[in-house]
Each structure stands twice: as structure tokens, then as C-alpha cells.
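Below is one structure, written out as C-alpha cells; comments come after it.
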Amino acid sequence: MADPCNLAPYAAHDSSTRGRIHPESSPRYRSAFQRDRDRIVHSTAFRRLEYKTQVFVNHEGDLYRTRLTHSVEVAQIGRSIARTLRLNEDLTEAIALAHDLGHTPFGHAGQDALNRCMTPYGGFEHNFQSLRVVDHLEEKYAQFAGLNLTFESREGILKHCSKSNARQVGMVGERFLNMTQPSLEAQLVNLADQIAYNNHDVDDGLRAGLITIEQLCEIYLFREQYETVVSSYPKLNQRRTIHEVVRRMINRLVIDIVETSEKNLAEAMPENIETVRQHNGPLICFSEEQARLNHELKHFLREKLYRHYRVMRMTLKAERILSELFEAFLGEPRLLPDEQYELTLKLPTTDQARVITDYIAGMTDRYALSEHQKLFSPPVPTV
Ligand code: MG
């Protein structure tokens with residue numbers, strides 16, 4: 001299928017894709033990147049994102065963001081910017097929807113716990129796990145394991161990677177060894193991700209009562225929009241005021257990326273995606289001033305929200321649950337369901353640990369809680 005006609009020369013073009021690991025004929029009515037996006041939407045890991053969280057554990061309430069709604073928000077922000085900069089919207093959407101597929105239950109706490117458990121066996125990195133999901137773990141197609149996505153989608157999914165892991169994944173890991181750049185679409189999703197989580201953590205944090213408007217007014221990004229909204233609409237109720245502030249914050253960040261990146265692209269004038277990859281730094285960026293303001297907000301959220309005692313209690317519980325599951329399964333693989341147990345047979349401990357980690361990382365918050373309960377809280381029989 002032909003590329004969209006208004007695509008910039010430096011965008012990812014269907015016609016210049018580095019292709020799939022298992023060659024396939026082109027889809028008849030879709031681009032290669034549309035096919036990637038569609039495969040991601042139909043994957044099991046994508047559906048599980050509904051029951052995985054970032055900061056708030058899923059069962060705490062129905063109003064908080066989940067990994068699924070987060071991924072949809074990243075796709076929305078990414079696509080708006082992609083269209084304005086004439087980048088490939090389908091690829092942007094595919095990367096955005098897949099970027100968190102490898103996340104563990106319980107957000108960052110779960111990831112840290114698994115990484116600690118896996119330290120003797122090669123560690124655990126969530127971006128690398130997202131790539132494992134799309135390359136190996138999804139079981140959907142007759143001819144290959146995984147989703148067999150294009151190089152460009154895989155390149156975008158592998159946002160960060162240690163050098164030792166980069167050496168294991170062939171061409172898609174090379175940029176971490178030779179320090180080159182990914183496509184502009186991948187650079188864009190990285191920033192859309194930051195915009196989405198900073199702003200929805202403000203919104204969710206306020207809703208949970210863990211942070212207050214007074215505290216947030218210490219932060220320029222929030223105060224600037226809050227003062228404008230309150231002076232224009234003094235009688236607005238709090239819920240609508242907060243939403244109005246958050247949407248304006250997001251808008252300001254989007255405009256900043258568009259304008260800064262347009263300037264960068266006009267200066268660098270990359271000929272095509274290969275020139276983008278060889279450029280001496282990312283071209284899709286926030287302005288310096290905006291990056292400083294974002295940092296201020298990020299620092300605030302770390303101190304006041306992620307380290308709030310109620311969040312810390314949740315974090316500690318999450319770490320304990322995943323570590324105990326890991327230790328129990330590794331100590332006695334027969335505790336695993338048949339399917340996973342069979343995968344561990346005749347494997348050295350390091351590979352058994354990887355099978356167990358894949359199993360735990362794939363769990364939703366509530367599934368991890370229920371597995372933990374089954375293993376550690378047996379009902380006491382009445383006599
Ligand atoms: Mg994310």
C-alpha cells in the first residue's frame with residue numbers, strides 16, 4: 001500500500017522499512033505499520049494492560065489511569081504531534097500502544113522487585129520485556145512466535161536497553177552500542193509518554209487526595225495555567241477547574257514539542273530516516289526552558305506523590321508479593337501451572353528464572369494478588 005502522500009521525507013516510510021524478522025507479504029489494504037498497530041491491539045498483553053497500574057493499584061478505584069488508558073493517552077498525544085510534523089501516525093500509534101506491554105503488575109514497584117530477584121540471572125528491564133512480548137511471548141500466529149512486527153515498531157518499543165541486553169537482540173539493539181538515534185516517531189512517543197504520565201499523575205494524585213492544589217501551585221507549570229483558569233472562570237467547580245488546568249498543561253507541552261522540533265528539523269534538514277538515525281542527538285525535543293519546567297514537576301511528583309506514605313505502603317506490599325511469588329516458584333517449579341512448569345523442565349536455573357519472570361511480569365495486579373493469596377494465605381480448615 002502507498003505511503004500517506006503528505007509524509008515528510010524524514011518520516012518512517014512503509015517503502016523503506018527494514019522489514020520483519022520473518023518475511024511476510026505486504027497487507028493488501030493496510031500499511032506495514034497499520035498491520036503492526038492492529039496486531040498489538042489484538043494481543044493478549046494489550047488486553048492485560050487494563051488491569052495493570054503505574055502508581056495506584058488497580059482495585060483502589062475505577063477512576064484512576066491504568067496502563068491501558070495511559071497507552072491510549074500516549075497514542076493520542078503522539079498522533080497529534082505526528083500529524084503536525086508530517087511523521088508517520090500509524091507507526092507512532094503502534095509504538096505508543098505497545099510501549100508498556102512488558103510492564104509488570106504494580107507498576108514501578110513490581111519492576112524493581114523483579115529486577116532485584118533477577119539480578120543473579122541477567123536482571124529485568126521493562127522495555128526489554130516489552131520487546132520480548134512482541135518478539136517471543138505472544139502466541140497468535142501459526143508461522144512464528146510473537147507478533148513479528150516491523151523493525152521500526154520494535155526499535156521504538158526498545159526505548160532503553162543495557163549494553164548486555166542490546167547484544168542479544170541483533171540489529172534492533174545496535175543503537176545502544178553505537179549510540180545512534182531511533183526514528184523520529186520513536187523519539188516522539190518517548191516524549192508523549194512523559195507528557196501523559198506527568199499530567200495524569202497530577203490528576204490522579206489530586207483525585208486520591210495525596211497532593212493538593214496549594215502544593216501544586218508551587219510548581220510553575222501548574223500555577224501558570226491554574227491562575228489563568230481561575231481568573232477566567234472563578235465560579236467553576238474544582239473537578240472542572242483541575243481538568244481545564246491539566247488539558248492546558250498538556251496543550252502547552254505539545255505546542256512546545258512541535259515548535260522546538262520544527263526548528264530542529266529545519267536546521268538539520270535530515271534527508272531520510274537513515275540520516276535521522278545518524279544525527280548526533282534526538283531531533284524531537286522539548287525546548288530547554290520547557291525541559292527545566294518538566295523536571296520541576298517530575299521532582300515534585302517524586303517527592304510528594306510517589307513517596308507519599310500511602311503510596312510507599314502500596315509499593316512495599318507490591319514488592320513483597322512479587323518477590324515472594326518469584327522465590328516460591330524458583331524454589332519449587334512444580335508450584336507453577338502446568339504450562340509454565342513444562343517450560344522450565346530440563347532448563348538450567350538461569351533459564352528457569354526467566355520463564356518464571358515472564359510468567360510473573362505477564363500477570364495483572366489482581367492475578368498477582370490472587371496467586372499470592374493461594375500460595376501464602378491458605379484458608380484455615382475448620383475442625
Ligand atoms: Mg508509559
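No hydrogens, no waters, no symmetry mates; every other heavy atom, side chains included, goes into these values. Numbers here simply count residues along the sequence, with the first being 1. Counting starts at 1 for both ligands and their atoms, following the listed order.
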Residue Asp193 atom name (nearest to the Mg ion (ligand 1); N/O/S): OD1

Under 3.5 Å side-chain donor-acceptor pair for His126 and Asp100: no

Close side-chain approach of Asn272 and Pro9, heavy atoms under 4.5 Å: no

Metal site the Mg ion (ligand 1): N/O/S of His103 inside 2.8 Å: no

Asp100, N/O/S atom nearest the Mg ion (ligand 1): OD2

Geometric class of the Tyr367/Tyr359 ring pair [parallel <30°, tilted 30-60°, perpendicular >60°]: perpendicular

Given Arg277, Arg20, Arg18, the one that forms salt bridge (Lys or Arg N to Asp or Glu O under 4.0 Å) with Glu152: Arg277

